[in-house]
Amino acid sequence: MSPILRVVLIIGAFVALSIVVKRVRKSKIRVADSVYWVLCAVLMLLLAIFPGIAFFFSRLLGFLSPSNFVFCIIIMLMLVKLFNLSCDVSRLTDKTEQLAQELALHTKDELDWREAQTGIDSQKE
């Protein structure tokens, strides 16, 4: 693995960790979501500090270079995160539709009740 890639991985890991810590402190990201990013940053640090890990797995899995292995791992982790976010969006979309339907039914019931009250008041007069 080239020294430039190692430096980029180390810098990227520290930047990612600092951004995650700042977001958690400002309550802009949930702690559960931050765990994923911390683990990714730690993995990048491990691969940068101990390039033997990347060499071992790249040879084991048939990659031509450890750099290709590292990029493949990063892409795979991003795809996993993207899938999880897609599941969250689907779940929240379903919840939003359900809440909109409940609100519409509640509003209709309230309007029907007011019409009934208005009808009762007008019959008394």
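Quick caveat, the model's predicted, so the values are computed rather than measured.
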Novice: Do the side chains of Met78 and Leu85 join up, straight or via other hydrophobic residues, at under 4.5 Å, putting them in one cluster?
Specialist: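 Result: no, two separate clusters.
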
Novice: Considering non-hydrogen atoms only, spot the tightest contact between Ser65 and Ser58 and give its length.
Specialist: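 Smallest interatomic distance, heavy atoms only, reads O-CB, 4.0 Å.
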
Novice: Would you say Val70 and Ile74 make side-chain contact, with heavy atoms under 4.5 Å?
Specialist: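 Yes - at least one pair of side-chain heavy atoms lies under 4.5 Å apart.
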
Novice: For Tyr36, does the OH atom sit with more than 12 other heavy atoms under 6.0 Å from it, leaving out its own atoms?
Specialist: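 Yes, the 6.0 Å shell around OH holds more than 12 heavy atoms from other groups.
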
Novice: Are Ile4 and Phe14 connected in a single hydrophobic cluster, I mean Ile/Leu/Val/Met/Phe/Trp/Tyr linked by side-chain heavy atoms less than 4.5 Å apart?
Specialist: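 No; tracing contacts between hydrophobic side chains, which count when under 4.5 Å, never links both residues.
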
Novice: To the nearest 0.5 Å, tell me how far Leu99 CG sits from Lys95 NZ.
Specialist: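 Answer rounded to 0.5 Å: 7.5 Å.
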
Novice: Any link between Val15 and Leu43 through a network of hydrophobic side chains (Ile, Leu, Val, Met, Phe, Trp, Tyr) touching at under 4.5 Å?
Specialist: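 As far as the 4.5 Å side-chain criterion goes, Leu43 and Val15 are not connected within one cluster.
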
Novice: Could you grab the distance from atom CZ of Phe83 to atom CG of Asp88, nearest 0.5 Å is fine?
Specialist: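 Answer for the CZ-CG pair, Phe83 versus Asp88, is 10.0 Å.
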
Novice: Quick check against the 3.5 Å criterion: does Thr96 have a side-chain atom that pairs as donor or acceptor with the backbone of Leu92?
Specialist: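 Pair found, side chain donor or acceptor close to backbone of Leu92.
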
Novice: Say you draw a straight line from CZ of Phe57 to CG of Leu47; how long is it, rounded to the nearest 0.5 Å?
Specialist: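 Going from the CZ atom of Phe57 to the CG atom of Leu47 covers 9.0 Å.
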
Novice: Do Gln101 and Glu97 pair up side chain to side chain, a donor and an acceptor below 3.5 Å, judged on atom types alone?
Specialist: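 Gln101 vs Glu97: no donor-acceptor pair found between side chains.
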
Novice: Count I, L, V, M, F, W, Y as connected when their side-chain heavy atoms are under 4.5 Å apart, and connections chain through other members. Are Leu46 and Trp37 then in the same cluster?
Specialist: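 Result: yes, single cluster for both.
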
Novice: Kindly compute the distance separating CG (Asn68) from CD1 (Ile73), expressed to the nearest 0.5 Å.
Specialist: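 Here the rounded value is 12.0 Å.
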
Novice: Does a side-chain heavy-atom distance below 4.5 Å link Trp113 with Asp109?
Specialist: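 A side-chain contact is absent here, since even the closest heavy-atom pair is not under 4.5 Å.
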
Novice: Nearest 0.5 angstrom please: Leu17 CG to Cys40 SG, how far?
Specialist: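 Leu17 CG to Cys40 SG: 10.5 Å, rounded to 0.5 Å.
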
Novice: Might you confirm whether atom CG of Leu60 has over 12 heavy atoms from other residues, nucleotides or ligands at distances under 6.0 Å?
Specialist: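 Counting other residues, nucleotides and ligands, CG of Leu60 exceeds 12 neighbours.
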
Novice: A quick test of your reading: do over 12 heavy atoms of other residues, nucleotides or ligands sit less than 6.0 Å from NZ of Lys22?
Specialist: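 Atom NZ in Lys22 is not crowded, with 12 or fewer foreign heavy atoms closer than 6.0 Å.
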
Novice: Kindly indicate whether the side chain of Leu9, heavy atoms from C-beta on, has any atom under 4.5 Å from the side chain of Leu45.
Specialist: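 No, too far: nothing below the 4.5 Å cut-off.
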
Novice: Val20 and Ile29: which non-hydrogen atoms are nearest, and at how many Å?
Specialist: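 Result for this residue pair: O-CG2, 4.3 Å.
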
Novice: Looking only at heavy atoms, which two atoms of Ala48 and Arg6 are closest? And how far apart?
Specialist: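 Result for this residue pair: O-NE, 2.9 Å.
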
Novice: Hey, quick one: are Leu61 and Leu5 part of the same hydrophobic cluster, counting side-chain heavy atoms closer than 4.5 Å, chains of contacts allowed?
Specialist: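 Shared cluster, yes.
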
Novice: Look at Arg91 together with Asp94 and state whether they make a salt bridge at an N to O cut-off of under 4.0 Å.
Specialist: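 Result for this pair is no, no salt bridge flagged.
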
Novice: Side-chain heavy atoms under 4.5 Å apart, restricted to Ile/Leu/Val/Met/Phe/Trp/Tyr: what other residues fall into the cluster of Val35, or is it alone?
Specialist: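 Listed partners: Leu39.
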
Novice: If you round to the nearest 0.5 Å, how far is CG of Leu105 from NZ of Lys108?
Specialist: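 Going from the NZ atom of Lys108 to the CG atom of Leu105 covers 8.5 Å.
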
